[in-house]
Q: 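The structure's right below; bear with me while I get my questions together.
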Amino acid sequence: AAEANLPPEVRAQIKEHLVTLCLRHSTLVQAQLKRAIDLIAQSDFPKQWEDLLPGIVREHLQSSDMGVVAGALEVVDTVLMKYRSLMKSDAVCSELKYKILPHIQQ
């Protein structure tokens with residue numbers, strides 16, 4: 001896999017800044033960065049990207065700029081899309097209840 005070529009500290013740095021970069025660029029660049037967020041989230045979220053939702057809530061959903069808020073909500077939608085196609089199970093429900101919802105309810 002491509003992620004094996006990146007040292008963990010580089011992966012962490014990319015994840016730390018990716019959402020902010022996405023929300024500060026034009027629509028075309030945003031689309032590409034949202035795709036990158038989606039790809040990383042598919043493999044890393046929530047266990048290896050625990051700060052994703054808290055960071056979005058803390059840094060972007062509190063903004064007075066409605067464009068930033070709308071973009072942040074689109075990122076959240078992209079990240080949570082994987083749960084729409086998963087079969088209902090105790091593991092999926094627990095992950096949603098204990099790892100996802102607390103950050104959205106803040």
Side-chain angles (χ1 to χ4, degrees):
E3 64 269 3
N5 295 329
L6 292 175
E9 59 275 3
V10 173
R11 287 178 60 84
Q13 191 172 32
I14 289 168
K15 290 189 286 191
E16 180 181 345
H17 299 289
L18 193 55
V19 174
T20 300
L21 287 171
C22 176
L23 299 177
R24 290 186 180 171
H25 284 74
S26 69
T27 305
L28 291 174
V29 174
Q30 276 187 7
Q32 293 172 359
L33 293 174
K34 283 180 197 167
R35 180 66 180 137
I37 292 167
D38 179 39
L39 290 172
I40 295 169
Q42 286 179 28
S43 67
D44 289 9
F45 181 78
K47 292 179 182 163
Q48 296 170 344
W49 201 356
E50 294 177 356
D51 193 47
L52 177 60
L53 288 181
I56 290 172
V57 170
R58 182 178 58 249
E59 297 171 24
H60 306 295
L61 291 181
Q62 308 297 325
S63 176
S64 60
D65 180 339
M66 287 299 113
V68 169
V69 172
L73 290 172
E74 289 175 12
V75 170
V76 170
D77 181 55
T78 298
V79 169
L80 297 181
M81 193 165 305
K82 76 176 186 178
Y83 293 99
R84 292 184 193 133
S85 62
L86 293 177
M87 289 181 45
K88 288 184 180 179
S89 69
D90 288 344
V92 170
C93 291
S94 290
E95 187 169 298
L96 285 167
K97 182 175 181 180
Y98 297 111
K99 297 192 181 245
I100 309 298
L101 289 178
H103 300 296
I104 295 173
Q105 293 173 337
Q106 288 180 341

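The figures here come from the full heavy-atom set of this structure, side chains too, leaving out hydrogens, waters and symmetry mates. We number each residue from 1, following the sequence as shown.
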Q: Of all heavy-atom pairs between Asp51 and Arg58, which one has the smallest distance, and what is that distance?
A: OD2-NH2, 3.1 Å
Q: Can you measure from CG (Leu23) to CG (Leu18) and round to the nearest 0.5 angstrom?
A: 9.5 Å
Q: Indicate yes or no for a side-chain donor-acceptor contact from Lys15 to the backbone of Gln48 under 3.5 Å, with no hydrogens or angles considered.
A: yes
Q: Quick one: closest heavy-atom pair of Val69 and Ser63, and the distance?
A: CG2-O, 3.4 Å
Q: Roughly how far, to the nearest 0.5 Å, is CH2 of Trp49 from CD of Gln42?
A: 11.5 Å
Q: Under the side chain to side chain contact (heavy atoms under 4.5 Å, CB included) criterion, do Asp38 and Lys82 qualify, and how do the steps go?
A: CA-CA 9 Å; Asp38 179 39; Lys82 76 176 186 178; over 6 Å; no
Q: Between atom CG of Asp77 and atom NZ of Lys34, what is the distance when rounded to the nearest 0.5 Å?
A: 9.0 Å
Q: Looking at CD1 of Ile37 and CD of Gln30, how far apart are the two atoms once the value is rounded to the nearest 0.5 Å?
A: 9.0 Å
Q: Leu28 and Val68: same hydrophobic cluster, using ILVMFWY side-chain contacts below 4.5 Å?
A: no
Q: For the hydrophobic clusters of this structure (ILVMFWY residues joined by side-chain heavy atoms under 4.5 Å, transitively), does one cluster hold both Leu52 and Leu21?
A: yes
Q: Report whether Phe45 and Met81 are members of the same hydrophobic cluster (ILVMFWY, side-chain heavy atoms less than 4.5 Å apart, transitive linking).
A: no
Q: Roughly how far, to the nearest 0.5 Å, is the CZ atom of Arg35 from the CD1 atom of Ile40?
A: 11.0 Å
Q: Given side chain to side chain contact (heavy atoms under 4.5 Å, CB included), test Ile14 with Val10 step by step and report yes or no.
A: CA-CA 6 Å; Ile14 289 168; Val10 173; 4.0 Å; yes
Q: Within this structure, what is the CG-NE2 distance for the pair Asp65 and His60, rounded to the nearest 0.5 Å?
A: 11.5 Å
Q: Same cluster or not: Leu39 versus Val29, using hydrophobic residues (I, L, V, M, F, W, Y) connected whenever any side-chain heavy atoms lie under 4.5 Å apart?
A: no
Q: Tell me, with the steps shown, if Arg11 and Asp44 meet side chain to side chain contact (heavy atoms under 4.5 Å, CB included).
A: CA-CA 10 Å; Arg11 287 178 60 84; Asp44 289 9; 2.6 Å; yes
